[in-house]
Amino acid sequence: INSAISAAAREGGTVVNPDGTFHTYTILLKSNVNLYLSENSVLAAARTDISHSEEKQSGEGGNYREPEVNLYVGLQDHGHSYFSNSLIYGADLENIMIFGKGLITGGRFDEESGILEYVLQGGDPQEPASRQDKGHQEEWFGNKGIALVRCENVVLEDFSVTIGGHFAIIAEGCENLYVNHILVDTTRDAFDIDCCANVTVQHAIFNSLTDDGLCLKASFGAGVFKPLTNVLIEDCTVCGYDAGSVIAEEYTRDKLIALDRCGPSGRLKFGTEATCGYHLVTIRRVKFDRSRGFCMESVDCSSLTDVIFEDCVLDNVSSSPIFLRAELGRA
């Protein structure tokens, strides 16, 4: 896959992922290259050896890219500070598109037990001790589905993501990002939009029982001070059903609560990583279904201005239909 992307990048073009299931480690995107996922194609996370972390795993001969240096140890959530060990990764790119009705998944059914295995991990490699160190101690593994860092002119359209690890999709410091008709059905954050500008998200579904469905943030994840600004979210659904049950159109409720024992999560939320601030956000015609409610958190001494929240429906909200938090700085 990476060889095909590199070849296409020489003149620009589209790489077609054909029907079938392809187990892979990190796919490296390139500028001016589109990745098309055929309707019956599956890009699936390959296993790697994990022996010292909370979740153990037997590998298949390889590993994901090594997490990059974490410049913000002690300042923000470790998971927002490294991205290169994702299943699909792109940094400092322009003019890229992932589209088609195929599937990207970090899960795999065990053939003997029938249990869904989480190949992409929900946790992080151990945080480094120093800001000069790589973003792990000892071992690392894949724990994000798609990570885009400081990219411009990006389109994500029509595909589905299941069991996406800590972040199924995370966009860091991106500009001109258009997202349409995608489905994310996962265990932790479905889609994080962090310190991005000029973003449109339409006609999409984000399911996560144990974490946030659609999350707006403004951290130092992109390596620069950059607020989140000019974002439109409309005609979407955020929900908290069992992982994998939304894409199967079953919407099961076997698991009743999130890990913090506060009911299904799956909400649309500002925060909590918010150092750079948020401005100019419109949210309309979003359905909250078996989730927590709308959450705005102005924390980390950040600013939060010019937000419109209208024509939304909140159904079967587990806690806090509307939650607002303003953290005041001190002189």
Kindly give the heavy-atom pair with the smallest separation between [X] and [Y], and that separation in Å.
X    : Y    : value
V299 : A274 : O-CB, 3.7 Å
G271 : C215 : O-SG, 3.0 Å
K255 : T210 : NZ-CG2, 3.7 Å
M296 : V307 : SD-CG1, 3.8 Å
P18  : S38  : CA-OG, 3.7 Å
S302 : Y278 : OG-CE1, 4.3 Å

Query raised in the report: Would you call the rings of H181 and H203 parallel, tilted or perpendicular if under 30° counts as parallel and over 60° as perpendicular?
Result: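 Answer is parallel, since the angle falls under 30°.
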Treat each ILVMFWY residue as a node, draw an edge where side-chain heavy atoms are under 4.5 Å apart, and state whether [X] and [Y] are in one component.
X    : Y    : result
V199 : F159 : yes
V15  : L103 : no
F83  : L216 : no
V317 : I233 : yes
I96  : Y36  : no

[X] side chain to [Y] backbone, donor-acceptor under 3.5 Å:
X    : Y    : value
S84  : E66  : yes
N2   : L28  : yes
E60  : R47  : yes
E139 : H52  : yes
Q76  : F220 : yes
N143 : G123 : yes
N63  : W140 : yes
N176 : E152 : no
D185 : I247 : yes
S219 : E273 : no

Might you confirm whether atom [atom1] of [X] has over 12 heavy atoms from other residues, nucleotides or ligands at distances under 6.0 Å?
X   : atom1 : answer
E11 : CD    : no
K30 : NZ    : no
F22 : CZ    : yes

Pairing donors with acceptors under 3.5 angstrom, does anything connect the side chains of [X] and [Y]?
X    : Y    : answer
Y178 : E157 : no
S208 : T186 : no
Q132 : S130 : yes
E297 : T272 : no

Within the structure provided, determine whether [X] and [Y] are in side-chain contact (heavy-atom separation under 4.5 Å).
X    : Y    : answer
L228 : C195 : no
V119 : H23  : no
V179 : I193 : no
R292 : S320 : no
Y251 : D289 : no
Y241 : R253 : yes
D189 : I170 : no
D133 : V73  : no

So, are [X] and [Y] salt-bridged, with charged N and O less than 4.0 Å apart?
X    : Y    : value
D192 : K144 : no
E234 : R284 : yes
K217 : D194 : no
D235 : R285 : yes

Report task. Please assess S31 against L93 for the test side-chain contact (heavy atoms from CB on, under 4.5 Å), listing each intermediate value before the final yes or no. Result -> CA-CA 5 Å; S31 291; L93 306 178; 3.6 Å; yes
Interatomic distance, [X] atom [atom1] to [Y] atom [atom2] [nearest 0.5 angstrom]:
X    : Y    : atom1 : atom2 : result
F270 : S298 : CZ    : OG    : 10.5 Å
C151 : E172 : SG    : CD    : 11.0 Å
L156 : I182 : CG    : CD1   : 6.0 Å
L214 : S291 : CG    : OG    : 11.5 Å
Y64  : L87  : OH    : CG    : 5.5 Å
D19  : E39  : CG    : CD    : 8.0 Å

Requested in this report: Report the C-alpha distance between R290 and L209 in whole Å, list the side-chain angles of each, state the deciding distance to 0.1 Å, and finish with yes or no for side-chain contact (heavy atoms from CB on, under 4.5 Å).
Outcome: CA-CA 9 Å; R290 194 181 189 249; L209 183 143; 3.4 Å; yes
Query - Intermediate values then yes/no, side-chain contact (heavy atoms from CB on, under 4.5 Å), L35 and L43 - result: CA-CA 11 Å; L35 180 61; L43 286 178; 4.2 Å; yes
Query - NZ or CZ of K134 within 45° of Y82 ring axis and under 6.0 Å - result: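 K134 over Y82 ring: no.
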Report task. Start with the C-alpha distance between T229 and H279, add both sets of side-chain angles, then the distance that settles side-chain hydrogen bond (donor to acceptor under 3.5 Å, both in side chains), and finish with yes or no. Result -> CA-CA 5 Å; T229 183; H279 311 287; over 6 Å; no
Query raised in the report: D212: what forms a salt bridge (charged side-chain N to carboxylate O under 4.0 Å, His left out) with it, not counting sequence neighbours?
Result: R267, K269
Query raised in the report: Centroid-to-centroid, H80 to F167, below 6.0 Å?
Result: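 Ring centroids of H80 and F167 are less than 6.0 Å from each other.
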Query raised in the report: For the rings on F323 and F294, is their centre-to-centre separation under 6.0 Å?
Result: no
Report summary line: Per side-chain contact (heavy atoms from CB on, under 4.5 Å), T162 is matched among L120, V42, L183, T105 by T105
Requested in this report: Start with the C-alpha gap between T14 and F99, add the side-chain angles, then the distance that decides, and say whether side-chain contact (heavy atoms from CB on, under 4.5 Å) holds.
Outcome: CA-CA 10 Å; T14 297; F99 69 114; 4.3 Å; yes
